[in-house]
Amino acid sequence: MNKINFYSGPSILPLSVLEQAKAAIDDFAGMGLSILEISHRAKPFVEVMDGARAMIKELMGLDDDYEVLYLQGGASSQFHMVPYNLLNGTETAGYIDTGTWAHGALTEARLFGEVHVIASSKDSYYDHIPKTWDMSGKPYKYIHITTNNTIYGTQWDIASLQRLRGQTDTLVADMSSDIFSREIDYSMFDLIYAGAQKNAGVAGATIVVVRKSILGSVKWTLPKMIDYRVHIENASMKNTPSVFAVYCSYLVLNWIKEQGLKNLYLHNERKAQRLYEAIDDSKIFKGNVAKEDRSMMNVCFTAHDRALEPKFSELAKTKGLVGIEGHRSVGGFRASIYNAMPESGVEALIAAMKEFEARL
Ligand SMILES: *Cc1c(COP(=O)(O)O)cnc(C)c1O
């Protein structure tokens, strides 16, 4: 049976990307060698690395003030790398706490300076995105947000992002689970980071996009592997990059370009809308978060009667729907419907929900 992949990350990839990746394991770029065994300095791979970095800038519509890096250590390593590079011990950064990942980021930042939590939805189990922010502790060196909260299924809307941008000189975003999911003015952000394994490739590569002018102001000496400037100077080849993961990301970026960000955005909106409609129409299931903050990428829901949840899991399994269980800290269900999820996948989930309801 064909499986439909709703995993939250690592996650679904376009079929064409999987096929190209397989072919490169046999023979990469006509080298007569597998991509798994070539030097990262081999010209065809240097072209992939440079091509992927340029493609990210192109897709985001960013100019030469920005640099793009492929790093390792996941989005989680950016939790310390960002403040290490930006925040002198005596300075203050503003963080908005909208979920487990956002909280992880602000906890690490406290090692490097003062952190003000300028808004939080923690007390309501992260069920919404706060729309007002406490700016009284200004000046903030930067403000950090998580644009999409993968575990809870909330996402910043564009108008709120713009409003926040108007109140800070430097905006930093963990975009791990909604990068390239929508058309957006990426120049709103001074630093964007994302683990590639959700919407931009496979595990092992982390994308960092940074406006160069925000770097170089901290007084401590940065370890080389932590210093964004070192990675910029070395074109993301300071040490051995994750060759295969960067290649897979490059393939995904090319696929995104073919589809067009605008089309993907419309596609993602339509998928999410259909699924939320089915949840709202259902007598069994309900959404977990404020409607206006619902994520287009991670659709989280529970059953009114929680005892029914294992039964729906069983049914979903028989339909080949994989990875719909909610994060272990939340329970319920989470359907991750990233760019590569076809509308037919969402239809299959909706059909399973309706069948489940009809059977009861
Ligand atoms: C998955 C995720 C992370 C963690 O990413 P790693 O690459 O595993 O470190 C951080 N932030 C968000 C928003 C995520 O979705």
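No donor-acceptor contact under 3.5 angstrom links the side chains of Asn298 and Thr150, judged on distance only. Side-chain contact annotation: Lys257 with Asn254, donor-acceptor N/O pair under 3.5 Å absent. For the residue pair Ser187 / Tyr66, no side-chain donor-acceptor distance below 3.5 Å is found, with atom types taken as modelled. Checking Asn199 against Ser181 by side-chain atom types alone, no donor-acceptor pair falls below 3.5 Å. There is a side-chain donor-acceptor pair under 3.5 Å between Thr154 and Asn149. Ser136 and Asp134 share a side-chain donor-acceptor pair at under 3.5 Å.
Put simply, the residue from Phe112, Tyr95, Phe189 that forms a ring pair (Phe, Tyr, Trp, His ring centres under 6.0 Å) with Tyr142 is Tyr95. Evaluated for a side chain to side chain contact (heavy atoms under 4.5 Å, CB included) with His40, the options Asn239, Val243, Val246 yield exactly one hit, Val243.
When side chains are defined from C-beta on, Tyr193 does not count as touching Met175, because their heavy atoms never get closer than 4.5 Å.
Ring geometry, Trp101 versus Phe79: the interplanar angle falls from 30° to 60°, so the pair is classed tilted.
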inquiry  = Apply side chain to side chain contact (heavy atoms under 4.5 Å, CB included) to residues Leu261 and Phe180 and explain how you reach the verdict.
reply    = CA-CA 7 Å; Leu261 257 192; Phe180 302 126; 4.1 Å; yes
ask   = Does the ring-ring contact (aromatic ring centres under 6.0 Å, His included) test come out yes or no for Phe333 and Phe312, once each step is laid out?
value = CA-CA 10 Å; Phe333 300 100; Phe312 182 64; 5.3 Å; yes
Test salt bridge (charged side-chain N to carboxylate O under 4.0 Å, His left out) applied to Glu233 and Lys238, step by step = CA-CA 8 Å; Glu233 273 162 33; Lys238 175 63 192 163; over 6 Å; no
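Of the possible polar contacts, one joining the Thr318 side chain to the Leu315 backbone as a donor-acceptor pair under 3.5 Å is found. Judged by distance alone, the side chain of Arg182 and the main-chain N or O of Glu269 form no donor-acceptor pair under 3.5 Å. At distances below 3.5 Å, at least one donor-acceptor pair connects side-chain atoms of Ser11 with backbone N or O atoms of Gln197.
Between Phe285 and His304, the ring center distance fails the sub-6.0 Å criterion.
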Contacts under 3.5 angstrom, residues 16-31 side chains, donor-acceptor by atom type, not counting sequence neighbours:
| unit_1 | atom_1 | unit_2 | atom_2 | d |
| --- | --- | --- | --- | --- |
| Gln20 | NE2 | Ser16 | O | 3.1 |
| Asp27 | OD1 | Met31 | N | 3.2 |
| Asp27 | OD1 | Gly32 | N | 2.8 |

